[in-house]
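Model, not experiment: these values are computed from the prediction.
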Amino acid sequence: MSDNGQNRFEIPKEMRSMAEASFDQARKAFEKFLATAQQTAGTIEERGPTVRAGAKDISSKAITYAEKNVQASLDYAQSLLKAKDLTEVMKLHSEYVQSQMRSLAEQASEMGQIVSRAAMDAVKPKS
């Protein structure tokens with residue numbers, strides 16, 4: 001049973017151009033957000049002794065994770081724009097979900113270790 005290409009998934013050129021422009025805007029907005037977040041984190045760190053090293057580690061790691069996760073999402077969205085058919089879209093989606101699940105599990109484990117370390121350091125008696 002041949003479908004003569006009737007069930008082929010294609011994104012119209014105009015829609016693809018619009019999506020690419022929106023994607024570029026999203027990437028630029030994220031880059032601006034990230035720069036602002038890093039600047040804010042730097043300002044907080046300059047406040048001195050009121051901010052513990054553990055809090056610095058946690059916020060730094062959280063920013064790193066956010067950057068990595070948003071970048072992965074942007075890369076995924078960009079790859080979808082280049083998909084030629086529904087089969088490729090499904091393959092890209094499956095790969096993205098699997099990759100993100102692995103990444104989130106690793107991030108949760110690392111963040112748990114950092115939080116535990118910070119909590120232990122916070123309750124240590126000062127010598």
Side-chain angles (χ1 to χ4, degrees):
M1 191 161 143
S2 174
D3 64 8
N4 294 328
Q6 291 175 350
N7 289 333
R8 186 179 163 128
F9 174 78
E10 290 187 29
I11 300 173
K13 288 181 183 178
E14 297 83 11
M15 187 179 236
R16 186 180 299 269
S17 294
M18 221 170 59
E20 287 173 351
S22 294
F23 176 80
D24 288 340
Q25 280 183 319
R27 184 179 296 274
K28 287 175 186 170
F30 170 67
E31 288 169 357
K32 185 176 179 181
F33 164 77
L34 186 59
T36 302
Q38 289 172 337
Q39 182 180 6
T40 301
T43 301
I44 290 170
E45 290 169 19
E46 291 169 4
R47 292 189 183 172
T50 57
V51 179
R52 289 193 168 107
K56 178 184 168 195
D57 289 346
I58 292 167
S59 65
S60 175
K61 202 53 121 164
I63 289 172
T64 300
Y65 292 156
E67 179 181 14
K68 182 179 178 183
N69 294 336
V70 171
Q71 187 62 52
S73 295
L74 291 171
D75 291 345
Y76 168 61
Q78 192 167 34
S79 69
L80 288 177
L81 290 173
K82 297 175 183 175
K84 294 177 181 36
D85 55 31
L86 187 55
T87 302
E88 188 174 354
V89 168
M90 296 307 292
K91 178 181 177 243
L92 290 168
H93 179 70
S94 176
E95 290 170 354
Y96 171 74
V97 169
Q98 290 174 8
S99 172
Q100 282 304 101
M101 292 302 289
R102 280 190 305 272
S103 182
L104 291 173
E106 290 169 12
Q107 291 171 7
S109 174
E110 288 176 17
M111 188 60 82
Q113 292 171 8
I114 292 169
V115 169
S116 293
R117 241 187 339 261
M120 295 294 279
D121 290 345
V123 297
K124 278 185 184 174
K126 293 183 181 181
S127 16

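Gln98 places a side-chain heavy atom less than 4.5 Å from the side chain of Ser94. Leu74 has its side chain out of reach of Gln78: every pair of non-hydrogen atoms, C-beta onward, lies at least 4.5 Å apart. A heavy-atom distance below 4.5 Å is not found between the side chains of Tyr76 and Gln100.
Look at Lys91 and Glu95 and you find a salt bridge, because one of the NZ, NE, NH1 or NH2 atoms lies within 4.0 Å of a carboxylate O, short of that distance.
Between Glu106 atom CD and Lys68 atom NZ the span is 6.0 Å, to the nearest 0.5 Å. Summarising the geometry, atom CE belonging to Met111 is positioned 8.5 Å from atom OG1 belonging to Thr64; distances are rounded to the nearest 0.5 Å. Residue Thr87 holds its OG1 atom at 11.0 Å from CG of Leu92, rounded to the nearest 0.5 Å.
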Run the side chain to side chain contact (heavy atoms under 4.5 Å, CB included) check on Ser73 and Tyr96 step by step: do they pass?
-> CA-CA 8 Å; Ser73 295; Tyr96 171 74; 2.8 Å; yes
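Counting all heavy atoms, side chain and backbone alike, Ser103 lies closest to Asn69 at OG-OD1, 4.0 Å.
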